[in-house]
Student: 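Next up is a structure, given as structure tokens.
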Amino acid sequence: MTVVKHNILDDIAVIEISNPPVNAISGDVRNGLLRTIEELSSEKKVKAIVITAPDRTFLAGADIKEFGKNIDAPILSDICDKIENLDKIVVASLHGTPLGGGLEVAMSAHYRIAAPKTKVGLPEVLLGILPGAGGTQRLPRLCGVSMALEMMLTGRHVPVEEAFDNGIIDEIATNNKTVENGIAYAKKLIDKGFTVRPTSKITDKINNSKEVKETIEKVKANALKKYKNLFSPHAIIKSVEEGLNLDFSEGIKNERNLFKECIESPQRKGLIHSFFAERAITKIPELKKGKPSELNKIGVIGGGTMGTGISMAAMNAGFEVIMIEQNQEAIKKALDKIDSTYERNVKLGRMTADQKDQIMELFRADTDMSVLQDRDLIIEAVFENMDIKKEVFIKLSELCNKKCILASNTSYLDVNEIAKVVDDPNRVIGLHFFSPANIMKLLEIVVADKTSDDTVATAFMLAKKMRKVPVRSGVCDGFIGNRILSKYLVGTYHMVEDGASPFHIDKVLREFGCAMGVFQVIDLAGGDIGWATRKRKAPFRHKDDRYVEIADRVCERGWFGQKTSKGYYLYGEGVEFLTPNPEIEIICNDERKRVGINPKTFSNEEILDRYIAAMVYEGTKILQEKIAIRPSDIDVVYTNGYGFPKWRGGPMKYADMIGLDKILSNIQKFSEEDKRFWSPPQLLIDLVSKGANFDSLN
Ligand code: 3H9
């Protein structure tokens with residue numbers, strides 16, 4: 001297939017690139033583009049060349065699938081230099097999302113026109129790399145160092161108007177006809193006597209002035225804190241800073257070397273895995289067959305933390321929401337919470353007062369469930385208790401219209417059991433939002449035995465509208481995320497009872513890159529939540545299971561974490577962040593004595609090995625039982641909902657990277673102390689014996 005073709009119309013040559021779905025710059029595109037440019041360079045009658053990619057979008061970047069493999073010549077950086085050095089005017093006609101290498105190609109053209117709604121960006125940082133085809137050298141020349149660094153460090157997609165105002169785009173077209181716009185613009189340039197304008201020669205915005213130096217120092221200082229675990233943001237800054245003191249061609253060479261270092265970094269592997277993992281989540285059987293039903297009106301039962309968060313997530317997506325609470329006092333509390341959240345957004349300049357008013361118009365609250373009759377979807381977010389939930393679903397089944405989807409926001413309970421009380425279990429589904437639900441991206445979509453494909457399709461559509469990251473889960477205690485959490489929490493308490501300090505464990509996890517340590521998370525979520533779960537599960541606990549009572553001792557004192565100003569850490573005005581509660585070590589020691597344990601010392605490595613082993617252990621069981629469809633779905637849950645570092649790819653990818661044989665051998669070693677907790681999962685044994693990894697199951 002020819003991915004790059006061209007036409008010559010009088011004195012203008014038009015290059016059309018077509019490599020669906022997003023015109024990624026693959027080896028074929030690079031070869032085709034280079035060949036075409038070389039051919040056109042000797043066409044005497046051609047005065048201008050227009051580069052377009054008329055399908056869905058202009059080039060959305062290098063082909064990410066090629067990273068990590070041997071990339072054959074020609075490399076994009078050389079092609080960009082060739083484009084820029086042509087002695088004919090080169091126009092890039094943009095539309096859609098010219099990103100990464102796509103924008104780099106555009107910046108090597110001499111002029112850029114873009115269709116309305118075009119968004120440009122250099123998002124390489126999100127993949128653990130830096131713009132490696134001249135982006136770190138050309139973008140500052142067009143828009144200045146400050147904006148270029150901001151764009152490259154955030155990966156932000158910049159709207160066309162902003163790109164125009166800052167010199168990245170030269171003209172905004174009035175329509176989306178990218179080929180025609182490019183030709184007309186090239187004609188205009190020729191007619192008006194414009195000539196080639198290599199970006200490398202534009203220097204007025206990159207003089208190494210005091211101001212520029214100060215900007216870079218500020219960005220560097222900020223990056224040391226903000227991206228302390230990451231490699232590529234610092235490489236980006238380095239490439240820009242060093243480029244200011246180098247000839248353009250030397251700057252490009254320097255960029256290339258830094259690009260290679262990024263490509264070799266394990267962070268690149270982790271982040272690119274995350275990129276594809278997040279695109280695989282919608283590849284599920286139900287979406288092949290199911291059709292989403294219309295969704296406009298949503299009901300939310302319960303106005304607590306989850307209910308208010310879910311309501312705001314729905315309102316932000318433009319849904320009309322009715323919230324049900326038991327009395328006016330509870331309604332007022334919920335309304336205050338919602339109102340104050342939006343008010344804060346107004347104060348922070350994230351929205352205008354008018355926008356807030358418009359969003360609040362979408363909200364209504366009532367104590368009478370019968371107002372829910374016209375709803376398309378109802379999300380129950382009441383107390384985590386099966387009897388209470390069943391009572392709610394019985395009422396909903398009686399009063400709602402027959403098409404209304406009935407969802408539970410339970411984080412652990414059996415959705416099949418909830419579905420039993422409803423006349424039509426096809427329309428029951430679990431929608432497990434994460435707190436705060438208006439902010440957190442992850443949404444576990446829990447498919448029960450009788451949930452219909454259409455219901456699943458509607459839930460995924462809801463997620464898309466809410467801009468959530470939806471992951472399909474089967475029914476089990478805690479679904480994907482909380483089931484794994486339960487496992488490593490128990491494993492962590494084993495370590496603590498055996499002698500590890502909770503604060504040491506948290507420090508090791510933070511240093512590994514987790515957003516928070518386990519005990520910080522417990523304090524944030526509220527120790528009482530886990531306590532209630534432990535009590536619920538107590539009757540089903542096997543008599544030989546090792547049960548550590550340290551967490552119960554903490555809760556018995558009323559120390560539930562942030563909400564009570566005391567948990568594993570201390571909170572309150574004037575208390576320094578991460579101040580350990582000194583009484584925790586006393587409780588731990590007392591408990592160790594009570595059960596007759598002689599405490600041992602844990603190294604950082606052992607703490608991490610046990611944490612990872614517990615996660616991978618339960619993740620493997622979840623795969624074995626087909627609760628998760630693929631290992632990468634587990635990674636998406638953990639990187640989007642549990643603060644596992646994205647640059648490590650997620651627990652299953654991380655396990656692949658360090659070697660499943662190592663994980664299995666750790667599990668086998670730990671199982672010598674506690675067979676019930678650590679007995680190695682069969683799937684893991686099978687994968688290791690075949691020399692396979694989790695990626696082979698993706
Ligand atoms: C780079 O350019 C480095 C340079 O500096 C050069 C150095 C030498 N490659 O997201 P979607 C696939 S790094 C390969 O669902 P949307 C994607 O996997 C690159 N495949 O669509 C999916 O496949 P499938 C810098 C890619 O409309 C399909 O396209 N560029 C690539 O929601 C549709 O994707 C970026 O980082 C790619 N570059 O969003 C841009 N991009 O259907 C990355 C997408 O089989 N891409 N695919 O699952 C995006 O941000 C979004 O895909 C985009 C479209 C906004 C373009």
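Counting starts at 1 for both ligands and their atoms, in listed order.
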Student: Is there at least one pair of N or O atoms, one from P123 and one from ligand 1, spaced under 3.5 Å apart?
Tutor: no

Student: I need the nearest protein heavy-atom contact for atom 20 (N) of ligand 1: residue, atom name and distance, please.
Tutor: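 Looking only at protein heavy atoms, the one closest to atom 20 (N) of ligand 1 is K65 NZ, 4.0 Å.
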
Student: For F67, which part has a heavy atom under 4.0 Å from ligand 1: side chain, backbone, both, or neither?
Tutor: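 Looking at F67 and ligand 1, just side chain atoms fall under 4.0 Å.
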
Student: Before accepting this row, confirm whether a basic side-chain N of the pair E217/K220 lies closer than 4.0 Å to the acidic partner's carboxylate O.
Tutor: yes

Student: Can a salt bridge be assigned to the pair K269 and D695 using a cut-off of 4.0 Å between side-chain N and carboxylate O?
Tutor: no

Student: Please write down residue, atom name and distance for the protein heavy atom closest to atom 53 (C) of ligand 1.
Tutor: T97 OG1, 4.4 Å

Student: Numbering the atoms of ligand 1 from 1, which are under 4.0 Å from a heavy atom of E104?
Tutor: 4 (C), 5 (O), 6 (C)

Student: Return the closest protein heavy atom for atom 46 (N) of ligand 1 as residue, atom name and distance.
Tutor: F275 CZ, 3.6 Å

Student: First locate atom NE2 of H110, then atom CD1 of I89, and finally report the distance between them rounded to the nearest 0.5 Å.
Tutor: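 Going from the NE2 atom of H110 to the CD1 atom of I89 covers 8.5 Å.
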
Student: Report yes if G101 has an N/O atom closer than 3.5 Å to an N/O atom of ligand 1; otherwise report no.
Tutor: yes

Student: Within this structure, what is the CG-CD1 distance for the pair L153 and I236, rounded to the nearest 0.5 Å?
Tutor: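 If we round to the nearest 0.5 Å, L153:CG and I236:CD1 are 5.5 Å apart.
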
Student: What is the nearest protein non-hydrogen atom to atom 9 (N) of ligand 1, stated with its residue, atom name and distance?
Tutor: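 The answer is I64 N, 3.0 Å.
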
Student: Do any nitrogen or oxygen atoms of R256 lie less than 3.5 angstrom from nitrogen or oxygen atoms of ligand 1?
Tutor: no

Student: Regarding D81 and R138, does a basic nitrogen lie under 4.0 Å from an acidic carboxylate oxygen?
Tutor: yes

Student: Under 4.0 Å from a heavy atom of G100: which atoms of ligand 1 are those, numbered in the order shown and with their elements?
Tutor: 2 (O), 25 (C)

Student: A62 to ligand 1: N or O pair under 3.5 Å?
Tutor: yes

Student: Within the 4.0 Å heavy-atom shell around K283, which atoms of ligand 1 are there?
Tutor: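 In order of number, 24 (P), 45 (O), 48 (O).
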
Student: Please list all pairs passing the side-chain hydrogen bond (donor to acceptor under 3.5 Å, both in side chains) test where one or both residues lie in residues 60-74, with sequence neighbours left out.
Tutor: R30-E66

Student: Which atoms from ligand 1 have a heavy atom of P21 less than 4.0 Å away?
Tutor: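 What qualifies from ligand 1 is 28 (C), 29 (O).
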
Student: Counting heavy atoms only, which of E66, R279, E255 comes nearest to atom 11 (P) of ligand 1?
Tutor: R279

Student: Which atom names give the shortest non-hydrogen contact between T282 and L287, and what distance separates them?
Tutor: O-CD1, 3.3 Å

Student: Nearest to atom 44 (C) of ligand 1, what protein heavy atom do you find, and at what distance?
Tutor: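 For atom 44 (C) of ligand 1, the nearest protein heavy atom comes out as V22 CG2, 3.4 Å.
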
Student: Suppose I only count heavy atoms of D63 and a 4.0 Å limit; which atoms of ligand 1 are within that range?
Tutor: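 With D63 as reference, the close atoms of ligand 1 come out as 9 (N), 14 (C).
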
Student: What is the distance from atom CD1 of I629 to atom NZ of K283, rounded to the nearest 0.5 Å?
Tutor: 12.5 Å

Student: Give the numbers and elements of all ligand 1 atoms closer than 4.0 Å to a heavy atom of P131.
Tutor: 5 (O)

Student: So does R630 pair up with D633, basic N to acidic O under 4.0 Å?
Tutor: yes

Student: Which atoms of ligand 1 are found less than 4.0 Å from any heavy atom of F259?
Tutor: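 Taking each heavy atom of F259 in turn, ligand 1 has 7 (C), 8 (C) under 4.0 Å.
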
Student: Is R56 in polar range of ligand 1, meaning some N or O pair under 3.5 Å apart?
Tutor: yes

Student: Under 4.0 Å from ligand 1, counting heavy atoms only, is it the side chain of A60, its backbone, both or neither?
Tutor: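 The answer is both, backbone and side chain.
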
Student: Crowded around K88 NZ? As in, over 12 foreign heavy atoms under 6.0 Å?
Tutor: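 More than 12 heavy atoms, drawn from other residues, nucleotides or ligands, come within 6.0 Å of this atom.
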
Student: Counting each atom of ligand 1 from 1 as listed, which ones have a heavy atom of F276 under 4.0 Å away?
Tutor: 18 (O)

Student: To the nearest 0.5 angstrom, please state how far the NZ atom of K238 sits from the CD atom of E255.
Tutor: 13.5 Å

Student: Where do N438 and K468 come nearest, in terms of heavy atoms and distance?
Tutor: C-NZ, 4.2 Å

Student: Select one of side chain, backbone, both or neither to describe which atoms of L127 lie under 4.0 Å from any atom of ligand 1, heavy atoms only.
Tutor: side chain

